[in-house]
Structures are given as structure tokens and as C-alpha cells.
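A quick write-up on the structure given underneath.
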Amino acid sequence: MRNTLITFSLALAMIIGGCSQEISTEQIQDDPIQAVDKEKVKEVDKPNEQSKSVVKEDVGRNSGQAQNGESEPAVKSPVVVAEPESLTALVNKHHQLPNTYKPADLVYPNVSFTFSDRIEKRMLRQPAAEALEEMFQEAKKNGIYLLGVSAYRSHERQKALFAYYSKRDGEEKALTYSALPGTSEHETGLAIDVTGGDGTCAVSDCFGGTKEANWLKAHAAEYGFIVRYPEGKEYITGYKYEPWHLRYVGKQAASVISSDYETLEVYSNQVNAF
């Protein structure tokens, strides 16, 4: 019986996963549902946690214990973002875009990507696209060659991706590397994953510390972008360090965030307090 179960499990893994290797965030394919991407770049969303200030307020509730000692659900329902079109809209595990939201000003930025297809994931909202073009051009003048990896992702695409991962690995495991529909920054049309000109470290830890990553860390804010998930701020953003994930917030906000707040979560909480 035991041998039968082992054989069945291996067969099921081969059918669903397409291979018997253990899944890692660098190995998960961007879109296993639509086989339209010709590149071999891997990309994922990982779920966000609460911002530092919210953690302090709700530490009892989010550990499954209310502050008065009574049991409550371990995870609260996310708050729906009131102004999803705002350039500084906070989107994470606890702040969700409306299900029907789709940016009205999506365009194709005139920059190189790791693939040639003119598809959805190549698009950004117009102000972000224009800023990206400017940043890539200036980077090139400084001997820094950048490529886009993945930008906009529709709600339906995120929904399909999460459903696929949940079916394959179970919802609990899927939540460790994939965002629920509405909670992915890519759905804003303001986020983009980038890499160096040779594409070898696309959406991979090895991008950190490269000359491209260092240049972005030093100069992205000049063009209105922030490195959305900075190193050592996992307890605020819920993401590990992702030097490749940029978020457009506008030049003024980017300057303030990068110099004084470090994360969009902290910046948003300060703004809301005023």
C-alpha cells in the first residue's frame, strides 16, 4: 500500500508540476496557463505582511488571539483601496485593489524587455512608462544596460495564476509565493521587474549587488521609482529583498520615501496620520 501511494504521488507530481524538482521562487514560471512567453525568465508574487505600525496595533488579533483574550480569525480581510488610480496607492496583502479595477492609461514603454512579444506584461501606466524610458536612457549613458522583465498583470491573469498554484501545491503553500488576486502590485500598472542587460539574473537573488542593482538603488528615485521591497524591511513589506521590483510613485514621493521612509507602507501610514 505504501509503495502504491508513493508511486501515485510521484505520478501526480509529474502531471501537475511537469517535473519532480522542488519548487523555489526562482523556478516558478511566470504564466504556466498561457504559453505565450518565449523567454525563460521566472517571476512570482509573494504575499505581503502588515506594515510595522499595523503590526503593533493588531499583534494579538493577527496571532489568532484578540487583545481581550478572545479568539479571532488569524487573518483579517484586506481593505479595498479607495483610490486605486493614485500613484502612491498602497497595494499589498492587506490592501486590495477593487476586483473591477483596470488602469485606463496602459501603454507600451519604448524600452527593451527580455522577450519580444507585444503582450500584456509589457505594459505600464503612461506616467510610469515615460519615466521608465527616461531612466533606461540615462542609465545607458552611464554604462548601465537594463531590461524589463514583467510589468502589468491583469486581475484575471493573477486570479488564474493563483488558482493554478493553489491546485498544484495547495492554497497554504501557494500563499507563500503567490499573491491573491487584487493584492499584487503588478495589477496597478505602476510596478515593473527589471534586470541587467544580459538577463542572467532576472527575478533572482543574484541581481542584488550587481552594478545595475546598485545604480537603481542610488538613482531610481530621480525618475519617480522606488525599490519597493528594500533589504531588511521584510517585517514591514512582507517581501524579502527584491532589488529588481520597482514601483512608480512620482518623483516627489519617491524622493521622500527613499530618503525618509524607505517603504511605501511607512510613508502611507505617515500621510494618513496627518
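We count residues from 1, following the sequence as given.
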Q. Can you list the steps and then say if Leu190 with Tyr152 is a side-chain contact (heavy atoms from CB on, under 4.5 Å)?
A. CA-CA 7 Å; Leu190 298 171; Tyr152 174 66; over 6 Å; no
Q. Does any N or O in the side chain of Glu187 come within less than 3.5 Å of the main-chain N or O of Gly182, such that one atom is a donor and the other an acceptor?
A. yes
Q. Would a hydrophobic clustering, with Ile, Leu, Val, Met, Phe, Trp and Tyr connected at side-chain separations under 4.5 Å, put Tyr241 with Ile226?
A. no
Q | Worked verdict on Glu134 versus Glu130 for side-chain contact (heavy atoms from CB on, under 4.5 Å) | A | CA-CA 6 Å; Glu134 181 184 4; Glu130 292 174 353; over 6 Å; no
**Q.** Test ring pair (Phe, Tyr, Trp, His ring centres under 6.0 Å) applied to Phe113 - qualifying residues, sequence neighbours left out
**A.** Phe115
Q. Just by modelled atom types, is the Ala179 backbone N or O under 3.5 Å from a matching donor or acceptor in the Thr183 side chain?
A. no
(Q) Treating Asp117 as the side-chain partner and Ile119 as the backbone partner, does any N or O pair qualify as donor plus acceptor under 3.5 Å? (A) no
**Q.** Closest approach of Thr263 to Pro230 (non-hydrogen atoms, all atoms of both residues)
**A.** CG2-CG, 3.9 Å
Q. So, for Tyr223 and Tyr248, which heavy atoms are closest and what is the spacing to 0.1 Å?
A. O-CE1, 3.4 Å
**Q.** Arg153 and Ser184, any side-chain heavy atoms less than 4.5 Å apart
**A.** yes
(Q) side-chain contact (heavy atoms from CB on, under 4.5 Å) for Glu85 and Asp105? Distances and angles first, verdict last. (A) CA-CA 10 Å; Glu85 71 284 352; Asp105 54 349; over 6 Å; no
(Q) Just so I know, are the side chains of Leu161 and Tyr164 near enough to count as touching, which here means a heavy-atom distance under 4.5 Å? (A) no
Q. Would you say Asn142's side chain and Ile144's backbone share a donor-acceptor pair under 3.5 angstrom?
A. no
Q. When you measure from the side chain of Ser268 to the backbone N and O of Leu264, does any donor-acceptor pair fall under 3.5 Å?
A. yes
Q. So, Glu242 side chain and Tyr229 main chain: donor-acceptor pair closer than 3.5 Å or not?
A. no
Q: State yes or no: are the ring centers of His186 and His155 separated by less than 6.0 Å?
A: no
Q. If you take all heavy atoms of Met123 and Tyr108, which pair is closest and at what distance?
A. CG-CE2, 3.4 Å
Q) With no hydrogens and no angle check, do the side chains of Glu222 and His219 hold a donor and an acceptor under 3.5 Å apart? A) yes
Q: Check for a donor-acceptor pair, side chain of Thr188 on one end and backbone N or O of Glu185 on the other, with a separation under 3.5 Å.
A: yes
**Q.** Chi angles and distances behind the side-chain contact (heavy atoms from CB on, under 4.5 Å) call for Val203, Thr195
**A.** CA-CA 7 Å; Val203 197; Thr195 191; over 6 Å; no
(Q) Testing the basics here: between Ala254 and Val249, what is the closest heavy-atom pair and its distance to 0.1 Å? (A) N-CG2, 3.5 Å
Q | Distance-only side-chain donor-acceptor flag, Gln137 / Glu133, under 3.5 Å | A | no
Q. Which of these, Arg247, Arg228, Lys233, sits in a salt bridge (Lys or Arg N to Asp or Glu O under 4.0 Å) with Glu265?
A. Arg228
Q | Flag side-chain contact, heavy atom, 4.5 Å: Leu124 against Leu132 | A | yes
**Q.** Short side-chain to backbone donor-acceptor contact, Arg125 and Val107, under 3.5 Å
**A.** no
Q | Nearest atoms (heavy-atom pairs only) where Ala89 meets Glu83 | A | CB-O, 3.7 Å
Q | Side-chain (His94) to main-chain (Pro78) donor-acceptor, under 3.5 angstrom | A | no
**Q.** For Leu146 against Leu216, the heavy-atom pair lying closest together
**A.** CD1-CD2, 3.9 Å
